[in-house]
Amino acid sequence: MEAKMISINPDFDMNEMVDQLTQMYRSKGFEVTAVQMGNGISVKFSKDEDGIKKFVGLGLEITANFTVNNNTLMINFSNAEWTSKIIGLAVGWFLCLVPFITAAYGAFQQSELPKKIANDIQMLLAGGTMPFGT
């Protein structure tokens with residue numbers, strides 16, 4: 001599990017940030033589901049999680065749990081999708097390089113997904129597109 005903490009303004013609106021992040025990732029082809037969880041929000045991001053792309057390790061999936069504590073936005077990433085990448089790497093290692101290469105690329109993309117989401121949140125906070133945070 002990865003975690004990220006970002007300083008925010010006292011007037012930070014987490015729901016607005018999640019709405020804009022949801023719109024951003026839907027425009028990138030992701031399925032995004034946000035659920036209110038107590039005083040936080042859990043957001044599931046998934047892309048290419050069906051069909052051949054999942055089978056060869058190119059599907060992406062992760063859950064980001066957002067909470068606010070003392071002017072700090074805390075993001076905990078969990079439930080990353082690694083199974084298809086491990087299978088693709090194993091099959092590719094023993095049979096041929098094509099599944100190995102696609103699974104390795106998928107593993108790289110999966111490992112970068114939390115960083116991309118956190119960077120996009122920081123961009124939204126700093127970019128002035130939302131009425132809060134730096």
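Values below: all heavy atoms of this structure, side chains included; hydrogens, waters and symmetry mates excluded. By convention here, the first residue in the shown sequence is residue 1.
The shortest side-chain heavy-atom distance between Pro10 and Asn71 falls under the 4.5 Å cut-off. A 4.5 Å side-chain heavy-atom check between Leu73 and Ile75 finds at least one atom pair inside the cut-off. The closest side-chain heavy-atom distance from Ile41 to Met17 is not below 4.5 Å. Under the 4.5 Å side-chain criterion, counting only non-hydrogen atoms from C-beta, Asn15 is in contact with Gln36. Under the 4.5 Å side-chain criterion, counting only non-hydrogen atoms from C-beta, Leu21 is not in contact with Val43. Asn119 has its side chain out of reach of Met123: every pair of non-hydrogen atoms, C-beta onward, lies at least 4.5 Å apart. A 4.5 Å side-chain heavy-atom check between Phe12 and Leu125 finds at least one atom pair inside the cut-off.
Atom CD of Glu16 and atom CG of Leu124 lie 9.5 Å apart (nearest 0.5 Å). Expressed to the nearest 0.5 Å, how far NZ of Lys44 lies from OG1 of Thr33 amounts to 6.5 Å. Within the model, atoms CG of Asn76 and CD of Glu2 stand 10.5 Å from one another, a figure rounded to the nearest 0.5 Å. Note: Phe66 CZ to Ile121 CD1 = 4.0 Å, rounded to the nearest 0.5 Å. Taking NZ from Lys47 and CD from Glu61, the interatomic distance works out to 14.0 Å, rounded to the nearest 0.5 Å. Atom CG of Leu60 and atom NZ of Lys116 lie 8.0 Å apart (nearest 0.5 Å).
In this structure, Ile62 and Pro114 approach most closely via the heavy-atom pair CD1-CG, 3.4 Å. Between Ser42 and Asn65, the shortest heavy-atom contact is OG-OD1, 2.8 Å. The heavy-atom pair separating Phe77 from Ala118 by the smallest distance is CZ-N, 4.3 Å.
By the salt bridge (Lys or Arg N to Asp or Glu O under 4.0 Å) test, Asp120 is found to be paired with Lys28, residues two or more places apart in sequence or in another chain being considered. Judged as a side-chain hydrogen bond (donor to acceptor under 3.5 Å, both in side chains), and not counting sequence neighbours, the contacts of Lys115 are Glu112. Contacts of Tyr25 classified as ring-ring contact (aromatic ring centres under 6.0 Å, His included), with partners at least two apart in sequence or in another chain: Phe30, Phe45.
Val32 and Met24 end up in the same hydrophobic cluster when Ile, Leu, Val, Met, Phe, Trp and Tyr side chains are linked at under 4.5 Å. Side-chain heavy atoms closer than 4.5 Å link hydrophobic residues (I, L, V, M, F, W, Y) into clusters, and following such links, even through other members, never connects Met74 to Ile6.
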